[in-house]
Amino acid sequence: MPYDFKSIEDKWRRRWRESDLYLTRVDPSKPKFYYLDMFPYPSGYLHMGHVRNYVIGDVIARYRVAKGYNVLHPMGWDAFGLPAENAAIKHGIHPQKWTFDCIANIRRQFDLLGISFDWSREIATCTPDYYKWTQWFFVQLFKHDLAYRKKAPVNWCPSCQTVLANEQVKGGRCERCDTPVIKKDLEQWFFRITAYAERLLQDLELLTEWPERVKIMQRNWIGKSEGLEAEFPIKGKDISITIFTTRPDTIYGATFIVLAPEHPLTLELVKGTPLEQEVREFVEKVKLRSEIDRTAMERKKEGIFLNCYALNPFTKEDIPIWTADYVLYEYATGAIMAVPAHDERDLEFARQYGLPIRIVIQPPDNALKEEELQTAYTEPGIQVNSGIFNGMWSEDAKEAIIRYAEDQGIGKRKVYYKLRDWCISRQRYWGAPIPMLYCPKCGVVPVPEDQLPVLLPEDVDFQPTGPSPLARHHSFPFTTCPYCGSEARRETDTMDTFVDSSWYFLRFTSPKEDKAPFDKQAVEYWMPVDQYVGGIEHAVLHLLYSRFFTKFLYDIGLVSFPEPFLRLFTQGMITLGGSAMSKSRGNVVTPEEICEKFGADTARVYTLFIGPPDQDAEWSERGVEGVFRFLNRVYRIFEENFSLYDPNWRVKIEGMSDKEKRRITHSTIKKVTQDIERFHFNTAIASLMEFTSSIYDWLQEANKDEKWRVCFSEALEMLVRLLAPFAPFMGEELWEKLGNKDSIYLQQWPSWREELLQTETITLPVQVNGKVRGTITVPAEASDEEIKEEVLRQERLRQYLEGKEIKKMIIVPKRLVSVVVDN
RNA sequence: GCGGAGGUGGCGGAACGGAAGACGCGCUGGACUCAGGAUCCAGUGGACAUUGCGUCCGUGCGGGUUCAAAUCCCGCCCUCCGCACCA
């Protein structure tokens, strides 16, 4: 019988569906293991790029079950979001129907691939029993003053017709549709994630099992800066400008002040002066510029002198006040002291507008001159022109100047973060409604918890026009205040979908809980997630938001752990033609076509064999064929040799074993086990291929006696058990054909016997002066003395050693011998 | 500019400081076949030698440490990714 993967896979797919095999088991005597894949946005179908993620997870989950863990391996749907709404606009299908159609399709694809999800725990973020709790969390955040509304310049995507969080703007473009983002002054809801900036930064230290690069990206995103906040009084007015600097040591070199165009003082300082019109136009121009124009390379800095002066509190000099587009209003105080001698940007601006430059730090070895300065000197050095701080090492002066400023009451030590509050309002329909009300008497109030969820109405005109589609609904916005009974209006914006996914990992522990977002006991049992796997694209988005949520829940006593994900693995993309698979590029390979041609097991094994899972890999149909051949070979060994299998090999094998065969079998068990542990699936499969070739060699042997048969039987059984997590359909099929009744899924993972790995003799390469000149074969336990003798005895080595003085002989146990001779 | 990852045969990729190129693809030759794009066996980094066993060169480039470097150190080059006027 040839390898008829279709009927085999259909058969097991059906059996698994009809059984409870993949339901989560909790045996109190066993340790727990929560394995989680980032749940997908159901946008139609999965391609092989997605599949890699879930196959990795399935191997780990199956392996952990076999290792005797209670495994939680759930799957759900990040089901709110724009694509559903866009599809609805385009094709006239309701987002809900579109979403659930997609879910059904992807769910079918998962089953096609034989992924061992516990579907009894399936969740979708767009169902009221889920988003009720998303809203509930919003209310908790609001009650703890961590959700608030403010008018601020926010990122607006003109294509998606909604605001975006900072994290969702990539290089000035919308993360989702690549449209250049513009700034708009809008009243929006924010989560005060900045209140957690320090802890989100500090606790990265706890995440020892996270990839360094993800932690670095989060660290950079949080962007902590320590420095001095100082007051520069405005000449002739009763107010001062607050600036922030990380270089207090350069404060004597501050020769002018720059306000961000949006800074309120910018217009105020020129009000009623001939400059007003010009400055107003400048500010408007800068505001309208997209992030891209503003950060474009080669862009010239632009600014205007405001015809005002401020007092540098250290030099007591009057320095001009400017406004310029290179100062950002959103960061720190939106105003800077400009030190052209020691800051690249200030230097560029000063040169452009002919502003004074003063050196206040000299490098230790030579003396710079203002007029010769090619680039700003930003390194540490010795203070000059710095009053009482002259002669000090600049690194020390930083501290001294901060202290001095604090003593004199002109400034204070200050820490700023680049991290901004998380803007979570979205002017779109397909999301969880923000559960807030506007009452003319009570003000902005939350919907009482017992009235949640605020249901998303179904009969809505989705056309995006700027405000949320919910605002145009005939009844949704209108309600009565639950506190005073007045006529009130509902908030009509919905929440960013990243809010939905900031707590889903908790819901999986008790998805049916209806009194609370999750069952506390279940969360305490399963959480934190032991292994989390997903794409690198969420390094600062989802992963930062989820950490923030978890910390908030920790603070209000709902969970006892400070971090949600213990171990993180970020897998690489699968590319075709050098770029990620995507529908718009038309370079998609779907699981259906591979399963149709080669079967699910081949699809699975190939996505693992393709290369190291943390790196991108190019899809190759030739490679798929190679894996298909391998599985065929495995199948044939069994199919053609069942008669040689002895189910009682275990009791017979001691005392009559073929050491070399058992060594191969046991070293394969060891290699595959260790490779799974360290996520080296490609080499695990390579060693299974080698193992299979070895077994083929054994079949060539003429004498298939009892000894041969028991070793062969052990090998067959180990081969199928080691292969099963990778190719579960074939695993079950061959396991059954070996006469087993229980699913292979429930079998204990094989262990190797270390003593069987030893050989009696070993062959060691012998180097002479660093070059391999021959080999020796000695007993495995040979002493250094015996090895030495054997080296000298070797005919081949004699020509290299004869007549030379042996200066050194290095013997690396079980690896090699290195001889150093004169000349 | 800053930060990160990476550069190994024709290709994807293996290699606790210890025989570079496992495994797979491709290619070459052979076996079995009416036939094979099925299967099996053998070979496959380069140059030279091929009357053996071989010799030399090879992991982006240049140095260094070491008995021994793809691996460690120093200095460059290139590719990809993230951040990007954050004061």
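The chains referred to below are lettered A, B, ... by the order of the sequence lines, with proteins before strands, and numbering in each begins at 1. What you see is a predicted model; the values in this text were computed from it and never measured.
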Please determine if a side-chain N or O atom of [X] lies less than 4.0 Å away from the OP1 or OP2 oxygen of [N].
X: N682(A); N: rG12(B); answer: no
X: Y331(A); N: rA87(B); answer: yes
X: K170(A); N: rC83(B); answer: yes
X: R815(A); N: rC16(B); answer: no

Between CG on residue N166(A) and CG on residue L419(A), distance to nearest 0.5 Å: 8.5 Å

Taking syn as a glycosidic torsion within 90° of 0 and anything else as anti, which one is rG62(B)? anti

pair F638(A)-R636(A): side-chain heavy atoms closer than 4.5 Å: no

Is it true that [X] and [Y] make a salt bridge, defined as a side-chain N closer than 4.0 Å to a carboxylate O?
X: E596(A); Y: K6(A); answer: yes
X: K398(A); Y: E395(A); answer: yes
X: K597(A); Y: E621(A); answer: yes

Heavy atoms from C-beta onward define the side chain here; which of [options] lies closest to that of [X]?
X: L328(A); options: rA19(B), rA87(B), rC67(B); answer: rA87(B)
X: W221(A); options: rA84(B), rU55(B), rA87(B); answer: rA84(B)
X: I336(A); options: rA19(B), rU55(B), rA87(B); answer: rA87(B)
X: K771(A); options: rC56(B), rA14(B), rA15(B); answer: rC56(B)

Can you give me the dot-bracket string for RNA chain B, 5' to 3', counting Watson-Crick and G-U wobble pairs with both distances under 3.5 Å, using [ ] for crossing pairs and | for partners on another strand? (((((((..(((.....[....)))((((((.......))))))((((.....))))..(((((..]....))))))))))))....

Expected string for nucleotides 23-44 of chain B under the B/S/- scheme (protein heavy atoms, under 4.0 Å, primed atoms plus P, OP1, OP2 as sugar-phosphate) is BSSS------------SS----

When the C1' atoms of rC73(B) and rC2(B) are considered, how many whole Å apart are they? 24 Å

Qualifying residue for ring-ring contact (aromatic ring centres under 6.0 Å, His included) with Y353(A), from W322(A), F256(A), Y326(A), F305(A): W322(A)

With heavy atoms under 4.0 Å as the rule, sort I216(A) into base, sugar-phosphate or nothing.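 Sugar-phosphate contact only.
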
Identify whether any heavy atom of R773(A) sits under 4.0 Å from a base atom; if not, whether one sits that close to sugar-phosphate; answer base, sugar-phosphate or nothing. sugar-phosphate

Residue pair Y606(A), I685(A): steps toward the side chain to side chain contact (heavy atoms under 4.5 Å, CB included) verdict: CA-CA 9 Å; Y606(A) 180 63; I685(A) 289 162; over 6 Å; no

I need the single residue from D614(A), V214(A), N53(A) that forms a side chain to side chain contact (heavy atoms under 4.5 Å, CB included) with F569(A). Which is it?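 Of the listed options, the one satisfying the test is D614(A).
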
Nucleotide rC16(B), atom P - distance to CG of D675(A) in whole Å: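 Value for this atom pair: 11 Å.
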
More than 12 foreign heavy atoms under 6.0 Å from NZ of K170(A): is that the case here? yes

